Amino acid sequence: QVQLVESGGGLVQPGGSLRLTCAASGATAGIYGMAWYRQAPGKQRELVAIIRVDSSTNYADSVKGRFNISRNKARNRWYLQMNSLNSEDTAVYYCSAQGRRDYWGQGTQVTVSS
């Protein structure tokens with residue numbers, strides 16, 4: 001019903017920036033929350049950031065002040081702008097949409113390394 005595709009991952013140097021995109025298609029009208037999660041090897045999946053239809057946002061403490069989540073309503077997309085990246089940000093990043101149920105993208109790898 002809702003399909004999500006992440007893009008924009010890759011290799012970036014410490015201190016660098018990267019912008020992730022989540023493209024949504026299908027029955028997106030009932031989506032009320034748009035989020036980014038990440039999962040590092042051997043670690044639990046964690047919420048990185050979420051933006052809701054009322055424009056409210058929340059961020060994990062570890063990314064506050066460095067990451068920004070935004071959305072493009074017309075294109076059914078949302079973004080994660082990641083700045084001042086460090087090795088602890090290395091993970092597979094997943095976009096998620098919350099509606100009648102949660103939807104997930106396939107994930108995109110972000111590797112922060114010199």
Side-chain angles (χ1 to χ4, degrees):
Q1 190 172 17
V2 176
Q3 296 80 44
L4 307 177
V5 178
E6 304 97 332
S7 62
L11 176 65
V12 63
Q13 294 181 324
S17 297
L18 209 59
R19 183 182 178 90
L20 305 183
T21 297
C22 182
S25 61
T28 60
I31 299 300
Y32 59 80
M34 295 135 282
W36 287 95
Y37 288 77
R38 68 185 181 187
Q39 187 165 31
K43 301 292 183 64
Q44 190 176 77
R45 181 186 63 198
E46 65 173 342
L47 175 67
V48 177
I50 185 168
I51 186 166
R52 305 177 185 87
V53 293
D54 64 1
S55 298
S56 63
T57 59
N58 292 96
Y59 295 90
D61 287 342
S62 59
V63 307
K64 285 180 180 177
R66 299 190 297 121
F67 290 11
N68 184 69
I69 188 168
S70 61
R71 62 186 289 234
N72 185 317
K73 299 177 185 178
R75 299 187 68 186
N76 291 318
R77 297 187 177 197
W78 55 101
Y79 311 91
L80 186 67
Q81 178 66 49
M82 305 184 292
N83 303 312
S84 301
L85 287 162
N86 59 66
S87 61
E88 298 302 310
D89 297 314
T90 295
V92 177
Y93 285 71
Y94 299 89
C95 65
S96 177
Q98 284 84 53
R100 294 183 64 186
R101 69 173 184 89
D102 290 352
Y103 301 91
W104 296 90
Q106 82 286 354
T108 185
Q109 177 71 47
V110 172
T111 302
V112 184
S113 177
S114 59

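Numbers here are sequence positions counted from 1. All values reported here derive from a predicted model rather than from experimental measurement.
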**Study point:** Derivation of the side-chain contact (heavy atoms from CB on, under 4.5 Å) call for S56 and I51
**Key:** CA-CA 6 Å; S56 63; I51 186 166; over 6 Å; no

Can you find a pair of side-chain heavy atoms, one from [X] and one from [Y], that are under 4.5 Å apart?
X: L85; Y: N83; value: no
X: C95; Y: M34; value: no
X: R52; Y: N58; value: yes
X: N86; Y: P14; value: no
X: Q109; Y: T90; value: yes

Check your understanding: Around R100, counting heavy atoms of other residues, nucleotides and ligands shown, do more than 12 lie under 6.0 Å from its CZ?
Key ->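 Open.
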
Review point. What distance separates S17 OG from Q81 CD, expressed to the nearest 0.5 Å?
Key: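 Reported to 0.5 Å precision, the distance equals 5.5 Å.
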
Review point. Quick one: OG on S25 to CZ on R75, what's the gap to the nearest 0.5 Å?
Key: 13.0 Å

No-hydrogen, no-angle side-chain donor-acceptor test under 3.5 Å, [X] and [Y]:
X: S62; Y: R38; answer: yes
X: N76; Y: R71; answer: no
X: S96; Y: D102; answer: no
X: Y59; Y: N68; answer: yes

Shared ILVMFWY cluster between [X] and [Y], side chains joined below 4.5 angstrom?
X: W78; Y: L47; answer: no
X: L18; Y: V5; answer: no
X: I50; Y: V92; answer: yes
X: I69; Y: V110; answer: yes
X: L20; Y: Y103; answer: yes

Practice item. Any chance you could lay out the side-chain contact (heavy atoms from CB on, under 4.5 Å) test for R77 and S7, step after step, and finish with the verdict? Key: CA-CA 11 Å; R77 297 187 177 197; S7 62; over 6 Å; no

Practice item. Taking all heavy atoms of Q39 and all of K43, pick out the closest pair and write down the distance. Key: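 Smallest heavy-atom distance, with atoms named: NE2-O, 3.2 Å.
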
Practice item. Looking only at non-hydrogen atoms, find the nearest pair between S84 and R66 and report the distance. Key: O-NH1, 3.0 Å

Practice item. Determine, for Y37 and R45, whether the Lys NZ or Arg CZ falls below 6.0 Å from the six-membered ring centre while staying within 45 degrees of the axis. Key: yes

Exercise for review: Apply side-chain contact (heavy atoms from CB on, under 4.5 Å) to the pair V48 and L80, showing each step before the final yes or no.
Suggested key: CA-CA 9 Å; V48 177; L80 186 67; 4.1 Å; yes

Point to revise | Audit row: Q106, E6, side-chain contact (heavy atoms from CB on, under 4.5 Å) steps and yes/no | key: CA-CA 7 Å; Q106 82 286 354; E6 304 97 332; 2.6 Å; yes

Check your understanding: Do the rings of Y93 and F67 sit parallel, tilted or perpendicular, given the 30° and 60° boundaries?
Key -> tilted

